[in-house]
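Working notes for the structure below.
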Amino acid sequence: MEKSQVALVVCRTYEQEQVDSALEKGIRLLGGIEAIFSKEEKILLKPNLLAKAAPEKAVTTHPAVFKAVGKLLQEAGYENLYYGDSPGNPIGGVARVASGCGIKEVADELKIELGDFNSGQEIVYEEGLTEKHFIISNAILDCDGIVNICKMKTHQLERITGATKNMFGAVYGLNKGAFHAKYTDADSFAKMIADLNNFVRPRLNIMDGIIAMEGNGPQSGTPIAMNMMLLSKDPIALDTVFCGLVGLNPELVPTNKRGQEYGVGTMLEEEIDVLTDEGILTIDDVSKKYGNFNFDVYRGGDSKMQLKMLKPMQPLLEKKPVIIKEKCVKCGICVDSCPLTEKAISLQGYPAYNYKTCIRCYCCQEMCPQKAIEVKTPRLARMFDRNWKI
Ligand code: SF4
Ligand code: SF4
């Protein structure tokens, strides 16, 4: 069986020349861009545009990485390029978010147009094992192939967000919230994400890990230098290498586990070659050489308790989002982000939670622009180093 290949290239800065050169090296290690896309194809560049945030905050794909990808394709003779993503909060339009992240200016300079992420169509995906209905942005449906340009970050629901989770941006606008309401835990959500990846099938995945995000990601975490880009045709293998580099067991990431099970890619170390300047290495080798095991990501286990008798202990065991009043500006974005019909958060001066109905999807935490929501694990649960879901 052919192994999945993940190219790891070192890059310590966002200076354009160095990013260009690192990207070229990575593509060369994968066998060249011509082996992935043909020249007449319409190719979508899909960065992470979670929210309007300056590049140095490490919330979104850095414009220098986006530019390097656009330039490399254009210089190789690919003319039919466009770009975009469906942000977490689509109100105000994709262009506004892309501009706030520095991506639009770069795209304008390269004359790469924004695709249609402001409308979508319902598709029936019969092959879906968990989800057969998606409303997908027209830009995704219009293209022949996708370059998924994701960001190396932590995520409160799935622990990490990398290549696999980045394709959630294919879902049109506010329909993303409906999926959070339907798939209320990390595992069921990951099954839907696996189906979605099988439907959209990005052909090339490029991870911006030059400056990554640790801690309270995917929007409110801390930027941290990881000094690398990862590239692969297999998003699960790519995310698995990311896990190895930060000392996280890849099996604890539901998008990896379900992605492997649903045939999106592989998370088995013996099925993954890491391609580097020094030749082919294992995940273990590159983790020791380039990894950071102090990277702030949750590494404990998960416990799903169905026992009714434990219900009264829920507040002592289950993690929950908490408002940091000193940072909150009472903008209400968290309330708008809650996907439940009967919202589990309301603005009463400061936002207040109804933890009895909250499904712990963390959309509110994900979308708070002020880093004013943290996900806290109660002391008792921390003692057992477990994530409890009761
Ligand atoms: S989104 Fe953040 S800053 Fe705005 S009200 Fe909610 S917690 Fe406060
Ligand atoms: S309050 Fe926050 S974590 Fe709870 S269901 Fe709403 S968005 Fe999800």
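Just so we're clear, the structure is a prediction, and the values are computed from it rather than from any experiment. Just so you know, ligand 1 is whichever comes first in the structure, and atom 1 is the first atom listed for that ligand.
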### Query
Are any of the side-chain heavy atoms of L110 and K71 separated by less than 4.5 Å?
yes
#### Entry: Heavy-atom nearest neighbour in the protein, as seen from atom 4 (Fe) of ligand 1, with distance rounded to 0.1 Å
C331 SG, 2.3 Å
#### Entry: Side chain N197, main chain T164, donor-acceptor under 3.5 Å
yes
### Query
Any non-hydrogen atom of P339 lying under 4.0 Å from ligand 2?
yes
#### Entry: Side-chain donor or acceptor of R203 paired with backbone N/O of D144 under 3.5 Å
yes
### Message
Which of the numbered atoms in ligand 2 are under 4.0 angstrom from any heavy atom belonging to C338?
### Response
5 (S), 6 (Fe), 7 (S)
### Task
Look at the N, O or S atoms of C328, main chain and side chain alike, and state whether any lies under 2.8 Å from atom 6 (Fe) of ligand 1.
no
### Task
Please report which non-hydrogen protein atom sits nearest to atom 8 (Fe) of ligand 2, along with the residue it belongs to and the distance in Å to one decimal place.
C361 SG, 2.4 Å
### Query
Is a salt bridge present between E127 and K132, judged by a nitrogen-to-oxygen distance below 4.0 Å?
no
### Task
Could you check whether the rings of F179 and F134 sit parallel, tilted or perpendicular, using 30° and 60° as the cut-offs?
tilted
### Task
Report yes if the side chains of K343 and V335 come closer than 4.5 Å at any heavy-atom pair, otherwise no.
yes
### Summary
With heavy atoms and a 4.0 Å threshold, my read on which part of P351 contacts ligand 1 is side chain
### Ring center gap for Y83 and F66 short of 6.0 angstrom
yes
### Query
Which atoms from ligand 1 have a heavy atom of V329 less than 4.0 Å away?
3 (S), 8 (Fe)
### Task
Name the closest protein heavy atom to atom 1 (S) of ligand 2, giving the residue it belongs to and the distance to 0.1 Å.
Y353 CE2, 3.5 Å
### Task
Measure from the ring center of F189 to the ring center of H180 and say whether it is less than 6.0 Å.
yes
### Query
Which of the atoms in ligand 1, numbered in the order shown and given with their element, are less than 4.0 Å from a heavy-atom of G332?
4 (Fe), 5 (S)
### Message
Looking at Y183, I'd like to know if the NZ or CZ of K191 sits under 6.0 Å from its six-membered ring centre while staying within 45 degrees of the ring's axis.
### Response
no
### Message
Just to confirm my output: which protein heavy-atom neighbour is closest to atom 7 (S) of ligand 1, and how far is it?
### Response
I373 CG1, 3.6 Å
## Note on the structure
Under 4.0 Å between heavy atoms, the region of Q370 that gets near ligand 1 turns out to be side chain
### Task
Could you tell me the residue and atom name of the protein heavy atom closest to atom 6 (Fe) of ligand 1, and the distance to it rounded to 0.1 Å?
C334 SG, 2.3 Å
## Note on the structure
ligand 2 atoms nearer than 4.0 angstrom to some heavy atom of Y362 are 3 (S), 8 (Fe)
### Summary
atom 2 (Fe) of ligand 1: closest protein heavy atom, distance to 0.1 Å, is C368 SG, 2.4 Å
